[in-house]
Protein chains: 2
Amino acid sequence: MSDPRRTSSKRVTLEEVARVAGVSRATASRVVNGVATVDATIRAAVQNAIDATGYVPNLAARSLVTRRADAIGLVLPEESRLAGDPFFETVIRGVMSVIGPSGVHLVLMTMDTNTRDQVVSDLRRGRLDGVILIHTDRDDPLPRQLIEANHPVVMSSRPLHPLPVTYVDVDQTAGGALAAQHLMSLRRNRIVTIAGPQHTSAGQDRHTGFLDAVADPDLPWTEGDFTRESGETSMVHLLRAHPGLDAVFAASDLMAQGAMTVLRATGRRVPQDVAVVGFDDSSAALACDPPLTTVRQPVADMAAEMARLLLARVADPDAPPTRVVFEPTLVVRGSA
Amino acid sequence: MSDPRRTSSKRVTLEEVARVAGVSRATASRVVNGVATVDATIRAAVQNAIDATGYVPNLAARSLVTRRADAIGLVLPEESRLAGDPFFETVIRGVMSVIGPSGVHLVLMTMDTNTRDQVVSDLRRGRLDGVILIHTDRDDPLPRQLIEANHPVVMSSRPLHPLPVTYVDVDQTAGGALAAQHLMSLRRNRIVTIAGPQHTSAGQDRHTGFLDAVADPDLPWTEGDFTRESGETSMVHLLRAHPGLDAVFAASDLMAQGAMTVLRATGRRVPQDVAVVGFDDSSAALACDPPLTTVRQPVADMAAEMARLLLARVADPDAPPTRVVFEPTLVVRGSA
DNA sequence: CTGAAAGCGCTTACAG
DNA sequence: CTGAAAGCGCTTACAG
């Protein structure tokens, strides 16, 4: 046990540990770093010295020579896109579940004003070992820039333009198809859909997967931006043009939630009059009333996988890029 | 403009900048750090050399001598308590809004297994300059331990046991009173309340503030844990014992949301039959149908303030502890 | 205002 | 298996 009073004492260095243990600084360093070749008795002596002095290594000094920061960045979209979306909290939890225990620091950043420059310079100056990019805009130059400088990067979805990058995604197309099949099995035939932003791969793929499965190229649809507000406006528009609709697929749970509010406000019952299917299986799905039938993507697992892949790339920056694609599943609840 | 090809070139050091500029390393360092006393022409020369070489300072080396990590920790509750609660995302956003632009790293941690040890050692070894503690349990030994070691700490609420610590809070008691006054002004007289956990200051203070204002010591109540699920169970219990109730105050929006689901399921209309008031004004309030009348605490602003206070403490660790208490406001929407 | 020099606390070839 | 020594890239008194 270390003397608790030592906790607030002056910084103790390896030098001191070595002195107390009667060995060289090099040997003390080897014990601290678990180098296997150290003699057992010496190891014990050093361990005692460490405990007695309450030594903790200075990471900056170590970092200076190892050139590792033991920190990775998690880059989220702009601050304004975070509000009210449970997706990001889930991503954070998933990443944390693998990063936390490893002792590596998880540094959070949002894509605001000078974040791009900061990411690049943090990586270059060895303050960050790698970054996870969440929902980076398709024409953001950052991913390519990082890849070209050979910095470890993992992205949260297939980039719209081909790029030799490691990413994790869910099979969005299959997810859209799952929603369509469910609605068709319910014998709904006046179906509409609120698509996600068509400038994102998720928005595009969910939409085409859905359309291909229903096999109706003229299916009415509008484009939302994944938020609840856009779900509401979209629903209003669709209802105006197609008052007789009997099913809606929204490409996000939040949009489905917004749609349900509007449906109820217009006196329609869910699911009796209109069946509603969402996408994500976020916490918003359970907050719906009735609870939302939705296409589940295992966000926390996906985020954990991103963290693992990044750690692997940090360990071996020249490994070829990897892609991991998860399968979506349909979660049937009350709304359809 | 720096030569883009330099971006991926070998690491360039201050030494090299100095050589290119024809000055000493010390002077180059002064320019990099914006020391005012450097001659204007020399400054320009160094600046040119920096641009030409694409120099970025090695933070580890700087950190080693300045003993500053330029990183602060944000310690959230255990991972399991994060899920589905929009509060934490708002805190993160608020903290980020002041930390982000400063170039200081925001390191995220959750109160899991070995986090306490890691926080202490990160602080001691100079890997973190200070920490913000969010909703730390009242009998967690960590805050006291950090305070005693004189590490910069800011907490998100008044500690239950007296502690010379800097914290930011909202006047919870006043918030409870606000809810009570609104319900009374609505002439509701069969009021019940779903309190927050009584082992937290927020749970206690909201409850006593509410009770004192309604001036009815026998008011029926149950204790939830701020989650939607606990709101549902609590509502079921209260309804069973008091089927004629006409108003409920829930100490969190999430609990209010759960309560509303149960009310609707039992055929009661909100607000006609039962008025509902929540607490937080989180994104969940708008997701309710009807939208929730709630006591707003300005979480993002409070989090930003915590960040500012922490930065101040890092700059001057011996300053006396500060307390900042925000005023809650009532936001009237459809539910009451 | 500027420079030479010491020093921050570690790791890691290199000898032995 | 261990130690002496060099070196990682900065900052900062201290002289001048």
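Chain naming here is simple, since letters A, B, ... match the order of the sequence lines and numbering starts at 1 in each.
- Between D:dT11 and B:Ser29, a contact under 4.0 Å exists linking OP1 or OP2 to a side-chain N or O.
- Contact check, B:Asn58 against D:dC8: no side-chain N or O comes under 4.0 Å of OP1 or OP2.
- Rounded to an integer number of Å, the gap from CZ of B:Arg25 to P of C:dA4 is 10 Å.
- With hydrogens and angles left out, the side chain of B:Arg30 and the base of C:dG3 share a donor-acceptor pair within 3.5 Å.
- Rounding to whole angstrom units, CD of residue B:Glu15 and P of D:dG7 are separated by 13 Å.
- For DNA chain C, if you chain together Watson-Crick or G-U pairs that step i with j, i+1 with j-1 and so on, the runs of at least three with distances under 3.5 Å are C:1-3 with D:14-16, C:5-12 with D:5-12, C:14-16 with D:1-3.
- Across C:dC10, C:dT2, D:dT2, the shortest atom-to-atom separation from the side chain of A:Val38 is found for D:dT2.
- At whole-Å resolution of the value, CZ in A:Arg43 and P in D:dC1 are 10 Å apart.
- Between the CG atom of B:Leu64 and the P atom of D:dT12 there is a distance of 12 Å, rounded to whole Å.
- Remark: P of D:dG7 and CG of A:Leu14 are 20 Å apart, rounded to the nearest angstrom.
- Within the 4.0 angstrom heavy-atom criterion, no nucleotide atom of any strand lies near A:Leu59.
- With rounding to whole Å, B:Asp39 atom CG is found 10 Å from C:dT2 atom C1'.
- Not a single salt bridge (charged side-chain N to carboxylate O under 4.0 Å, His left out) links A:Glu16 to another residue, sequence neighbours left out.
- Here the side chains of A:Arg138 and A:Ser201 are not in contact, with every heavy-atom distance at 4.5 Å or above.
- Here A:Thr13 pairs with nothing under the side-chain hydrogen bond (donor to acceptor under 3.5 Å, both in side chains) rule; sequence neighbours left out.
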Exercise for the section: List the steps, then state whether side-chain contact (heavy atoms from CB on, under 4.5 Å) holds for B:Met111 with B:Asp140. Expected result: CA-CA 10 Å; B:Met111 263 308 179; B:Asp140 193 311; 3.7 Å; yes
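- Taking atom CD1 on A:Ile50 and atom C1' on C:dC10, their separation rounds to 13 Å, with Å as the unit.
- Here B:Pro317 pairs with B:Asn150 under the side chain to side chain contact (heavy atoms under 4.5 Å, CB included) rule; sequence neighbours left out.
- With C1' as the reference atom, C:dG16 and C:dT12 are 16 Å apart, rounded to whole Å.
- Remark: B:Ser24 is in phosphate contact with C:dG3, judged by side-chain N or O atoms under 4.0 Å from OP1 or OP2.
- When each of B:Ala61 and B:Thr37 is assigned the nucleotide of DNA chain C bearing its nearest heavy atom, the one mapping closer to the 5' terminus is B:Thr37.
- Here side-chain hydrogen bond (donor to acceptor under 3.5 Å, both in side chains) pairs that include residues 157-167 of chain B, with residues two or more places apart or in two chains, are B:Arg158-B:Asp205, B:Thr166-B:Arg313.
- Among pairs with a residue in residues 20-49 of chain A, those fulfilling salt bridge (charged side-chain N to carboxylate O under 4.0 Å, His left out) read A:Glu15-A:Arg25, at least two apart in sequence or across chains.
- Between the CZ atom of B:Arg62 and the C1' atom of D:dT12 there is a distance of 13 Å, given to the nearest Å.
- Among the heavy atoms of the strands lying under 4.0 Å from B:Arg67 are primed sugar atoms or P, OP1, OP2 only; no base atom is included.
- For the pair A:Arg124 and A:His151, the minimum side-chain heavy-atom distance is below 4.5 Å.
- For the OP1/OP2 pair of D:dG3 and a distance below 4.0 Å, the side-chain nitrogens and oxygens of A:Thr27 include at least one atom meeting the criterion.
- Using a 4.0 Å heavy-atom distance criterion, A:Val32 is classed as making no nucleic acid contact.
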